[in-house]
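Keep in mind that the numbers below use all heavy atoms, side chains included, and drop hydrogens, waters and symmetry copies. Remember, it's a predicted structure, so these values are computed and weren't measured experimentally. Numbers restart at 1 for each chain; the letters A, B, ... are given by sequence-line order, proteins then strands.
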There are 2 protein chains.
Amino acid sequence: MQTFDTVEELHEFVELLLHRIDQRYTAGRRAVVELLASSERPLSISDIEARVPEIPRSSAYRHLSDLQRAGVVGRIAASDEFARFEMAEDFLHHHHHLLCSSCGQVIDVTPTRAFERTVARMVDELTAEQGFRATSHALDVIGHCTNCQH
Amino acid sequence: MQTFDTVEELHEFVELLLHRIDQRYTAGRRAVVELLASSERPLSISDIEARVPEIPRSSAYRHLSDLQRAGVVGRIAASDEFARFEMAEDFLHHHHHLLCSSCGQVIDVTPTRAFERTVARMVDELTAEQGFRATSHALDVIGHCTNCQH
DNA sequence: GGTTGTAATGAGACTCATTCTCATTCTATC
DNA sequence: GATAGAATGAGAATGAGTCTCATTACAACC
């Protein structure tokens, strides 16, 4: 995992990752990265549009998919119909998601070290006999967030 | 979890669940249930269309969503853009998914009892401090299936 | 075994998140 | 600052999934 003391260090690393796939780090992409990096939770396209209205929808989608190709951003399928975007795990603590099935909100939760050791062991156990080669895992908890427990 | 000695017992239980939400168990719905119940893995709409071509797309979607409302069928978001459908957990052993990021295939894996006890404990741990009320969880392992490890 | 009210179905139109196109604008490099 | 290639914006196109509505099946009653 990467940690950054300043926003500039973050941008430098993003730029490196983009350069690796022959992409420039332009103002629009910067704006998207800055928004995602400063957000507590994964954002949908309309979240992004609301907070950075000067970026058109089609560009936002393209930026997100370029950043995803570069390994800067990750896309997650929530329980509603909208995709959410967040910084890739290299930029964040490894974490899991709580999906609210009432409002669609996605909440990040960071597991303890011990927790993750257990998950890793369990993933091995699950994949071993299938000859499946795991690259990552996602533990999603579905339920109702505080606001949605009437 | 329910277990069924005969297909008829399965159909009876499905019928009960549909009746609870004032729905009939018609031939089209039966065909969808029979297909899903006999499938090793979650199916996409095009899988379903390929195997039961006499059911039109719009009806298949409606059957699936009615069956989902009744608690007979579950919908899962795979790593590609297509939703997959499988029998709800009441009809299957509780299980998790291996998602192949090359071909999109979804493989079911059944965890051991001990495994699930651990997951349950971990889910509690994750949700406790958020005031989140968990109703279910999904542990997805992303990677490459045997066929896709060039 | 006909009638009648209601639910389910099929065909196709529609929606809307996402992707594509292409003309224009930016940017790196000389 | 000229040039070539890359990035962008606006809007068109795509396509999974949903909705509509006319038709068909079904259950309950006579």
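Between the side chain of B/S39 and the backbone N or O of B/L35, no donor-acceptor pair lies under 3.5 Å.
The distance between atom NE2 of A/H63 and atom P of D/dA6, rounded to the nearest whole Å, is 16 Å. Atom OH of B/Y25 is separated from atom P of C/dT9 by 12 Å (rounded to the nearest Å). B/D22 places its CG atom 14 Å from the P atom of C/dT6, with the value rounded to the nearest Å. The distance from atom CG of A/L64 to atom P of C/dA17 is 15 Å, rounded to the nearest whole Å. The distance from atom CG of B/D66 to atom C1' of C/dA7 is 11 Å, rounded to the nearest whole Å. One atom, CD1 of B/I21, and another, P of C/dA7, lie 13 Å apart when rounded to the nearest Å. Atoms CD (B/E54) and P (C/dA8) sit 20 Å apart, rounded to a whole Å. Rounded to a whole Å, the CD atom of B/E15 is 13 Å from the C1' atom of D/dA27.
Summary of the strand contacts: B/R24 and A/R24 both lie near DNA chain C, and taking for each the nucleotide with the nearest heavy atom, the more 5' one is attributed to B/R24.
Considering CD of B/Q23 and CZ of B/R69, their distance stands at 5.0 Å, rounded to 0.5 Å. A distance of 13.0 Å separates NE2 in A/H63 from CZ in A/F85, rounded to the nearest 0.5 Å.
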For nucleotides 12-18 of chain D, print each protein N/O atom paired with a nucleotide N/O atom at under 3.5 Å, atom names and distance only.
| residue | atom | partner | partner atom | Å |
| --- | --- | --- | --- | --- |
| D/dG17 | OP1 | B/A83 | N | 3.4 |
| D/dG17 | OP2 | B/Y61 | OH | 2.6 |
| D/dG17 | O5' | B/Y61 | OH | 3.3 |

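Distances shorter than 4.0 Å separate some side-chain N or O of B/Q23 from OP1 or OP2 on C/dA8. Note on B/T26: a side-chain N or O is less than 4.0 Å away from OP1 or OP2 of C/dT9. Remark: B/S59 is in phosphate contact with C/dG10, judged by side-chain N or O atoms under 4.0 Å from OP1 or OP2. OP1 and OP2 of C/dT18 both lie 4.0 Å or more from every side-chain N or O belonging to A/R62.
Separation of the B/H137 and A/H96 ring centroids does not fall under the 6.0 Å cut-off. Two rings, from A/Y25 and A/H11, have their centers less than 6.0 Å apart.
Residues B/R84 and B/D80 form a side-chain contact, since some pair of their non-hydrogen atoms from C-beta on lies under 4.5 Å apart. Using a 4.5 Å heavy-atom cutoff, the side chains of A/L67 and A/L18 are in contact.
Closest to the A/P56 side chain, of the nucleotides C/dT27, D/dT20, D/dG9, is D/dG9.
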